[in-house]
Amino acid sequence: MGTSPAIVMILFVAVGCFMAYPEAVTAKHTGITRHYTFNIKLKNTTRLCHTKSIVTVNGKFPGPRVITREGDRLVVKVVNHVPNNISIHWHGVRQLRSGWADGPSYIMQCPVQTGHSYVYNFTITGQRGTLFWHAHISWLRATVYGPLIILPRRNESYPFVKPYKEVPILFGEWFNADPEAVINQSLQTGGGPNVSDAYTFNGLPGPLYNCSAKDTYKLKVKPGKTYLLRLINAALNDELFFSIAGHSLTVVEADAVYVKPFETNVLMITPGQITNVLLKTKPKAPNATFLMLARPYATGMGTFDNTTVAGILEYETPSSSLKNRPLLKPGLPAINATNFVANFTSKFRSLATAKFPANVPQKVDKKFFFTVGLGTKPCPKNQTCQGPTNTTKFAAAMNNISFALPRTALLQSHFFSQYSKGVYTTDFPAFPLIPFNYTGTPPNNTLVNNGTKLVVIPFNTSVELVLQDTSILGAESHPLHLHGYNFYVVGQGFGNFDPENDPPKFNLVDPVERNTVVVPSGGWVAIRFQADNPGVWLMHCHFDVHQSWGLGMAWMVLDGELPNQKLPPPPSDLPKC
């Protein structure tokens with residue numbers, strides 16, 4: 001008996017869909033399961049006329065785009081073919097009861113060693129928008145990063161005009177040297193690390209750098225269309241201003257959370273932050289080509305890469321009309337435009353609608369106050385160092401505790417009750433042990449204490465945390481990222497936080513919800529979150545140099561009483577240290 005034409009057509013469509021989306025193979029009642037394989041490989045790559053071997057995913061720089069939907073499960077097998085240990089962090093994913101898949105080495109897992117593999121298995125719950133993934137060990141994320149795009153559930157729409165096209169643009173940093181050698185030398189000598197040689201858009205430095213005109217990112221657009229630009233700052237150590245000549249941008253999302261739309265000509269995006277913007281092109285193709293530029297916002301006293309990456313926004317027209325077009329250049333704020341940054345960040349507000357509510361905790365169970373900044377460590381005996389003095393090394397700390405990575409993963413130690421083995425202690429101070437005028441004249445003693453110290457909080461605790469910059473070795477802006485959680489930014493200001501007069505001004509109605517927040521240079525920021533995700537969660541500065549120097553800590557959120565409030569056991573292939 002022959003097969004009917006209808007059945008043949010159904011099979012044809014099904015096979016066609018599978019070939020188009022091979023990662024999506026398993027149906028689920030809430031979504032689908034999408035399978036990806038990340039082969040960690042070395043790849044010879046040339047930028048700035050300099051060729052070197054870099055660590056990549058699947059030989060791509062930047063790495064492959066991971067696309068999923070809210071409610072889907074991601075299963076990503078990471079296979080390590082390089083000499084370096086590796087782990088992958090899914091930056092901004094809530095990882096509800098799936099902390100084993102979060103990725104920071106020696107926090108949630110031991111790294112994947114050469115010749116080994118690990119499967120990251122997690123579900124995207126209650127999130128949609130732009131996030132990204134990156135290596136989370138040493139400085140490997142310099143080349144190991146890529147976009148994580150979470151589409152709304154099927155039949156759900158954006159709360160803004162449907163874009164004609166969606167374009168991820170990743171900001172990065174390129175080092176002619178091996179970034180691992182750069183940070184290792186810094187840690188050895190105690191001095192600041194050598195800075196990067198270029199910034200990049202999607203791995204391309206652009207025409208303002210030596211030997212790079214051919215390596216220029218071009219965004220080709222049609223007139224009269226709306227484009228959604230997914231802007232991701234994956235740079236290691238630099239906050240970046242961004243602008244496109246002759247065009248304004250409408251901000252609609254931050255860190256995969258919709259925001260009240262606002263228009264701007266200039267953005268500032270800190271490492272670890274993502275900003276989605278709508279770009280509305282001109283009704284008719286203009287007789288011009290437009291530069292898009294990014295350059296640093298820098299507030300610290302250390303050296304930084306003071307260069308500019310350029311890409312080109314080009315209207316699609318007949319090729320003959322491209323000749324003799326003027327090239328228009330946008331204006332950008334001054335390098336240290338702190339007031340501009342404060343005004344810009346204050347514009348972000350949650351939608352706070354019935355469909356997209358702002359569930360900011362109205363009452364607080366526990367309050368914390370963490371200083372954030374630099375400090376020093378003593379130079380080893382019989383060694384001359386290159387820190388602030390020749391007898392000290394640069395360090396960084398929160399509440400004067402410089403975070404020391406353990407030799408085994410904290411989450412494993414916690415889950416298997418290895419506290420007695422001395423992996424960590426639970427005495428991270430809730431407030432500075434020695435208060436001082438944080439943004440005034442710094443104390444003479446700048447030495448930090450070292451430790452692997454955690455804060456322990458019961459399940460579902462509502463937390464308020466004030467992060468206070470200090471003037472020790474210079475006031476500086478710091479991007480703080482919290483794993484496993486979003487939080488609400490309820491207040492910010494300059495100078496020292498005033499516990500009497502500042503809290504009454506907190507925004508508890510529509511504060512922006514993020515996973516990475518800028519602690520203002522010479523100022524403070526206040527956040528709130530509900531500790532509803534059991535596990536051990538890292539919080540750290542997303543300047544990799546500061547993280548390497550110890551600017552971080554971890555929250556241990558205990559299990560709740562109900563089964564769905566407990567962390568499940570680890571997967572059988574969890575790497576061993």
Where Lys393 and Pro380 come nearest, the two heavy atoms and their spacing
CE-CD, 3.8 Å
Going by the angle between their ring planes, with limits at 30° and 60°, are Trp524 and Phe506 parallel, tilted or perpendicular?
tilted
Backbone of Asp102 reached by a side-chain donor or acceptor of His89 within 3.5 Å:
yes
Chi angles and distances behind the side chain to side chain contact (heavy atoms under 4.5 Å, CB included) call for Phe459, Asp559:
CA-CA 6 Å; Phe459 181 83; Asp559 283 347; over 6 Å; no
Centroid-centroid distance, Tyr209 to Trp174, less than 6.0 Å
no
Can the ring centres of Phe132 and His134 be said to be less than 6.0 Å apart?
yes
Do Arg407's NZ or CZ and the ring of Tyr106 fall within the cation-pi criteria of under 6.0 Å and 45°?
no
Spatial distance of atom CZ (Phe348) from atom CD (Glu513) [nearest 0.5 Å]
14.0 Å
Test ring pair (Phe, Tyr, Trp, His ring centres under 6.0 Å) applied to Phe241 and Tyr199, Phe344, Tyr297, the passing residue:
Tyr297
Phe529 and Tyr485 aromatic ring geometry - parallel, tilted or perpendicular at 30°/60° bounds
tilted
Using atom types as modelled and distance alone, determine if a side-chain donor or acceptor of Arg295 lies under 3.5 Å from a backbone N or O of Pro333.
yes
Under the side chain to side chain contact (heavy atoms under 4.5 Å, CB included) criterion, do Val489 and Val525 qualify, and how do the steps go?
CA-CA 7 Å; Val489 184; Val525 65; 3.6 Å; yes
Check Ser212 against Gly206 and note the closest heavy-atom contact, atom names and distance.
CB-O, 3.1 Å
What is the ring orientation for His481 with His542, classed by angle as parallel under 30°, tilted 30 to 60°, or perpendicular over 60°?
perpendicular
Can you name the nearest heavy-atom pair linking Ser402 to Ala397, along with the distance?
N-CB, 3.9 Å
Parallel, tilted or perpendicular, as decided by the 30° and 60° cut-offs, for the rings of His136 and His483:
perpendicular
Phe171 vs Phe201 aromatic rings, parallel, tilted or perpendicular, using cut-offs 30° and 60°?
tilted
Rounded to the nearest 0.5 Å, how far apart are CG of Asn515 and CE of Met539?
13.0 Å
When every non-hydrogen atom of Ser87 is compared with those of Ile137, the smallest separation belongs to N-CG2, 4.0 Å
Do any pairs count as a salt bridge (Lys or Arg N to Asp or Glu O under 4.0 Å) and have a residue in residues 474-490, sequence neighbours left out, and if so which ones?
none
Main-chain N/O of Phe369 paired to Asn399 side chain as donor or acceptor, under 3.5 Å:
yes
Tell me whether Asn202 contacts the main-chain N or O of Leu170 through its side chain, where contact means a donor paired with an acceptor under 3.5 Å.
yes
Once you measure the plane-to-plane angle for Trp133 and Phe38, does it fall in the parallel (<30°), tilted (30-60°) or perpendicular (>60°) bin?
tilted
Rounding to 0.5 Å, atoms CD1 (Ile107) and CG (Leu410) come to a distance of 4.5 Å
Would you say Asp197's side chain and Asn176's backbone share a donor-acceptor pair under 3.5 angstrom?
yes
Taking atom CG of Asn336 and atom OG of Ser477, what is their separation to the nearest 0.5 Å?
12.0 Å
With distance as the sole test, does Asp544 use its side chain to make a donor-acceptor pair with the main-chain N or O of Ser548 at under 3.5 Å?
no
If I compare all heavy atoms of Phe394 with all of Pro388, which pair ends up nearest, and what's the gap?
CE2-CG, 3.7 Å
Distance-minimising heavy-atom pair for Asp215 and Leu204
O-CB, 3.3 Å
Test: Lys377 cationic atom under 6.0 Å from Trp549 six-membered ring centre, within 45° of axis:
no
Is the side chain of Thr275 donor-acceptor paired with the backbone N or O of Ala254 at a distance under 3.5 Å, no angle test?
no
Please report the C-alpha distance between Phe428 and Phe370 in whole Å, then the side-chain angles of each, then the deciding distance to 0.1 Å, and finally whether the ring-ring contact (aromatic ring centres under 6.0 Å, His included) criterion is met.
CA-CA 10 Å; Phe428 188 91; Phe370 295 172; 5.0 Å; yes
Under 4.5 Å between any side-chain heavy atoms of Met556 and Val455, yes or no?
no
Evaluate Arg94 against Asp532 for salt bridge (charged side-chain N to carboxylate O under 4.0 Å, His left out), listing each step before the verdict.
CA-CA 10 Å; Arg94 281 292 319 270; Asp532 59 358; 2.8 Å; yes
For residues Thr425 and Leu454, determine if any side-chain heavy atom of one lies less than 4.5 Å from a side-chain heavy atom of the other.
no
Does Asn233 reach the main-chain N or O of Ile269 with its side chain, forming a donor-acceptor pair under 3.5 Å?
yes
Does Leu433 offer a backbone N or O that forms a donor-acceptor pair with the side chain of Asn400 under 3.5 Å?
no
Does Tyr217 reach the side chain of Val309, with side-chain heavy atoms less than 4.5 Å apart?
no
Mind telling me whether Trp90 and Phe122 have parallel, tilted or perpendicular rings, with 30° and 60° as the class edges?
tilted
Taking the side chain from Ser196 and the backbone from Glu173, do they hold a donor-acceptor pair closer than 3.5 Å?
no
